[in-house]
Amino acid sequence: MNHWLVKSEPEAYSWDTFTQEKGTAWTGVRNYQARNNLNQMQPGDLVLFYHSVSEKAVVGVAEVAGPAAPDATAEAGSPWVAVQLRPVQALARPVPLAALKADTRLHQLALLRQSRLSVLPVRPEEFDAVLELGQS
DNA sequence: GCCAACGTTGGC
DNA sequence: GCCAACGTTGGC
């Protein structure tokens with residue numbers, strides 16, 4: 001099983017909306033590297049849900065509920081794909097970007113190295129470290 | 001194939 | 001509001 005991180009501006013699509021809707025198709029990704037990551041997702045993979053810009057914190061854990069499929073919001077025949085995500089649980093405490101940066105276990109975190117990419121791989125030990133930071 | 005111009009993202 | 005990083009576009 002692989003681990004990932006997806007970003008969303010909470011003003012555009014928030015964790016709260018995500019949980020209220022009990023999941024969503026993760027559409028709108030228009031970057032080839034991010035698309036490649038989406039293509040590698042498998043049902044059951046766990047995904048950190050990060051609020052960018054206004055909050056800058058990991059706020060919850062989602063699960064890949066379906067494999068990558070053509071993004072219905074993109075032009076037919078385009079290369080863009082989406083996966084189905086569903087919420088697993090909110091973190092007891094959101095983990096701010098500053099806390100990610102401050103933790104030596106997370107110095108290799110892809111988010112910190114490539115902050116603009118919206119779909120990023122996470123190593124299992126990094127995933128565990130973030131969950132630990134998110135415990136109350 | 002190179003590179004300047006430009007647009008977008010996201011942290012500060 | 002600014003700016004760094006980075007992707008895309010288009011002229012040459």
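Since we're looking at a predicted model, the values are computed, not measured.
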First and last nucleotide of DNA chain C in contact with chain A, 5' to 3', at under 4.0 Å to a heavy atom: what are they?
-> C:dA5 to C:dT8
Which pair of heavy atoms, one from A:Arg86 and one from A:Phe18, lies closest together, and at what distance?
-> C-CZ, 3.5 Å
A:Val29 and A:Asp71 have their tightest heavy-atom pair at N-OD2, 4.2 Å
Where along residues 2-15 of chain A does a heavy atom come under 4.0 Å from DNA chain C, residue by residue in number order?
-> none
Pairwise distance CG(A:Leu120) to CG(A:Asn37) - rounded to 0.5 angstrom = 6.5 Å
Does A:Ser52 use its side chain to pair, donor to acceptor, with the backbone of A:Lys7 at less than 3.5 Å?
-> no
Report yes if the distance between the aromatic ring centroids of A:Phe49 and A:Trp26 is under 6.0 Å, otherwise no.
-> yes
Using a heavy-atom cut-off of under 4.0 Å over every strand shown, decide if A:Leu117 touches base, sugar-phosphate, or nothing.
-> nothing
Look up atom CG in A:Leu117 and atom CG in A:Leu111, then write down how far apart they are to the nearest 0.5 Å.
-> 9.5 Å
Heavy-atom check, side chain of A:Val47 versus side chain of A:Val61, under 4.5 Å = no
Could you identify which residues of residues 25-40 of chain A place a heavy atom less than 4.0 Å from some atom of DNA chain C, listed by residue number, or say none?
-> A:Asn31, A:Tyr32, A:Gln33
Identified side-chain hydrogen bond (donor to acceptor under 3.5 Å, both in side chains) partner of A:Arg105 from the options A:Glu125, A:Glu132, A:Glu126 = A:Glu132
Intermediate values then yes/no, side-chain contact (heavy atoms from CB on, under 4.5 Å), A:Phe127 and A:Leu46 = CA-CA 9 Å; A:Phe127 188 88; A:Leu46 294 176; 3.6 Å; yes
Separation between CD of A:Gln40 and CH2 of A:Trp4, rounded to the nearest 0.5 Å | 4.5 Å
